[in-house]
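To start, the structure under review is shown below, and the notes come after it.
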Number of protein chains: 2
Amino acid sequence: MIIHPNISALTALLAEKSRAAILAALMDGKFHTASELAYMASIKPQTASFHLAKLEENNIIICEKHGRFRYFRLANDEVANTLEIIMSLSPLPEVRSLNQSSQLKKLEHARTCYDHLAGRVSVNLTNTMQQAGYIERNNKEFIVTAAGELFFKDFGIDLVGLSKKRRSFSHACLDWSERTHHLGGALGNGLFEKYIELGWIETKANSREIVITSQGKSGFKDLFGLEMQI
Amino acid sequence: MIIHPNISALTALLAEKSRAAILAALMDGKFHTASELAYMASIKPQTASFHLAKLEENNIIICEKHGRFRYFRLANDEVANTLEIIMSLSPLPEVRSLNQSSQLKKLEHARTCYDHLAGRVSVNLTNTMQQAGYIERNNKEFIVTAAGELFFKDFGIDLVGLSKKRRSFSHACLDWSERTHHLGGALGNGLFEKYIELGWIETKANSREIVITSQGKSGFKDLFGLEMQI
DNA sequence: TACATAATACGATATTCATCTAAGTATGGA
DNA sequence: TCCATACTTAGATGAATATCGTATTATGTA
């Protein structure tokens with residue numbers, strides 16, 4: 001028997017359609033109740049409960065109890081990154097309806113990746129920040145340059161505060177639809193929350209989809225000279 | 001139901017222990033017979049045949065028939081890269097014996113990754129070539145610099161010939177033990193074969209393990225100033 | 001031809017495990 | 001106190017599939 005990393009340990013958890021659906025739903029980074037996840041995965045609550053217990057045991061998700069509700073979320077951004085990588089290696093879903101096709105297009109355009117922005121828009125923004133010399137790519141991380149420090153400060157991002165968080169600061173996160181990297185980590189999250197605060201983007205309930213508002217379009221254009229194609 | 005890439009399609013193939021063992025064995029990049037693979041995965045030939053058929057159907061492996069033997073190999077280096085990425089995301093194997101422990105240490109030191117070198121040695125060599133300014137990292141590729149062109153030519157590597165091959169030229173391949181990148185692709189393969197030709201490294205039958213010979217140790221030292229710790 | 005080896009095909013078995021029904025626990029509100 | 005809701009647990013069921021014994025095909029060798 002050849003010694004090798006225990007591939008099955010990870011893949012067995014993801015190989016099951018219902019669990020995959022639950023995890024895909026949780027990739028929006030939000031908390032969801034067990035019933036919500038059951039509905040999203042098209043299974044009965046008992047079955048969802050069974051899968052959620054298994055995922056929790058394996059430290060893939062965590063649970064917070066409030067009253068009679070149990071709120072589930074991905075355990076951390078490392079799990080989210082892993083899932084995003086596996087997605088980037090997997091075939092695109094079979095599209096069976098016009099509705100699914102348009103949903104897929106929207107996700108490819110802009111979506112959440114756990115707690116930051118992903119999709120074409122995110123990759124464009126990341127590239128633009130690189131070209132402007134605000135960040136530099138170094139292996140799996142982006143590094144904020146001196147110019148970048150000024151830029152992010154001007155934009156109202158507290159780099160010092162973010163860097164104190166117990167997580168990757170500016171992870172180069174793999175984008176499954178664009179098959180390249182976008183800015184993740186604490187900095188990616190900081191920007192994401194700033195965009196929300198400014199009303200430039202909006203999340204939708206029970207979906208990873210992100211909508212760029214009209215303020216967002218002009219905002220991104222002013223900030224980066226970036227034209228949003230929708 | 002949330003639209004997302006079909007994770008299960010890929011992971012279901014890897015979730016089964018016997019198939020995982022077969023694929024791990026094939027990561028040495030060599031052809032293996034069905035019986036060999038059955039033995040390596042500790043299953044009967046019929047069972048191996050069943051799994052091999054399934055893997056072939058899904059274009060994970062290819063088969064060449066010679067006489068009464070069937071030789072199986074990974075389909076291409078894209079499959080190998082995918083497997084290596086999944087391995088880098090998976091937990092290290094549980095080590096149950098001194099023998100396994102020493103085998104793991106050897107693999108972490110130097111092993112084949114499909115058709116090129118992986119492990120600590122490979123990562124060190126890659127870093128050294130980067131520091132010497134022979135190659136530069138650009139996203140998922142390494143780029144050969146002008147200085148690098150001279151260097152590789154001196155070392156007897158035919159860059160023009162390699163670049164004509166219908167595959168990635170110098171892929172930045174993920175190393176599961178070192179959790180960083182080493183040089184893969186056609187250039188990685190070219191160097192690997194040159195090391196073999198020079199007698200610097202030796203492969204072992206039915207193992208991914210690579211042995212650095214004494215010529216290799218002095219060779220790598222002369223070429224890169226790199227001291228091999230064994 | 002006869003026999004040994006490599007591999008696959010087929011059928012039976014066993015195991016794993018996702019799913020559901022039914023029942024039970026916990027919580028909040030009337 | 002009673003009921004509705006959210007969720008889990010337990011047990012039964014069924015489907016998928018990995019495995020192996022047996023048989024068959026293909027090839028090489030004596």
Legend entry - From D115(B) atom CG to R73(B) atom CZ, the distance as rounded to the nearest 0.5 Å: 8.5 Å

Inset, instruction - Give a yes/no answer on whether the side chain of R70(B) brings an N or O atom under 4.0 Å of OP1 or OP2 in dT8(C). - result: yes

Inset, instruction - Could you pull out all residues at least two apart from E84(B) that satisfy side-chain hydrogen bond (donor to acceptor under 3.5 Å, both in side chains)? - result: R111(B), R208(B)

Inset, instruction - Could you run through nucleotides 13-19 of chain D and give me one letter per nucleotide, 5' to 3': B if any protein heavy atom sits under 4.0 Å from the base, S if only the sugar-phosphate is that close, - if neither? - result: -----SB

Inset, instruction - Report yes or no: do N76(B) and R167(B) form a side-chain donor-acceptor pair below 3.5 Å? - result: no

Inset, instruction - Indicate the ring-plane relationship of F220(A) and Y195(A), choosing parallel, tilted or perpendicular according to the 30° and 60° boundaries. - result: perpendicular

Inset, instruction - Calculate the interatomic distance between F69(A) atom CZ and dA4(D) atom P; express it in whole Å. - result: 16 Å

Legend entry - salt bridge (charged side-chain N to carboxylate O under 4.0 Å, His left out) partners for E197(B), two or more places apart: K194(B)

Inset, instruction - Let me have a per-nucleotide readout for nucleotides 24-29 of chain D, 5' to 3', with B, S or -, counting only protein heavy atoms under 4.0 Å. - result: --SBS-

Inset, instruction - Could you list the residues that satisfy ring pair (Phe, Tyr, Trp, His ring centres under 6.0 Å) with F69(B), not counting sequence neighbours? - result: none

Inset, instruction - Please name all residues satisfying side-chain contact (heavy atoms from CB on, under 4.5 Å) with S97(A), sequence neighbours left out, ordered by chain then number. - result: N99(A), Q100(A)

Inset, instruction - Would you mind classifying the nucleic acid contact of F72(B) as base, sugar-phosphate or nothing, using non-hydrogen atoms under 4.0 angstrom? - result: sugar-phosphate

Legend entry - Any donor-acceptor N or O pair under 3.5 Å, side chains E141(B), S168(B): yes

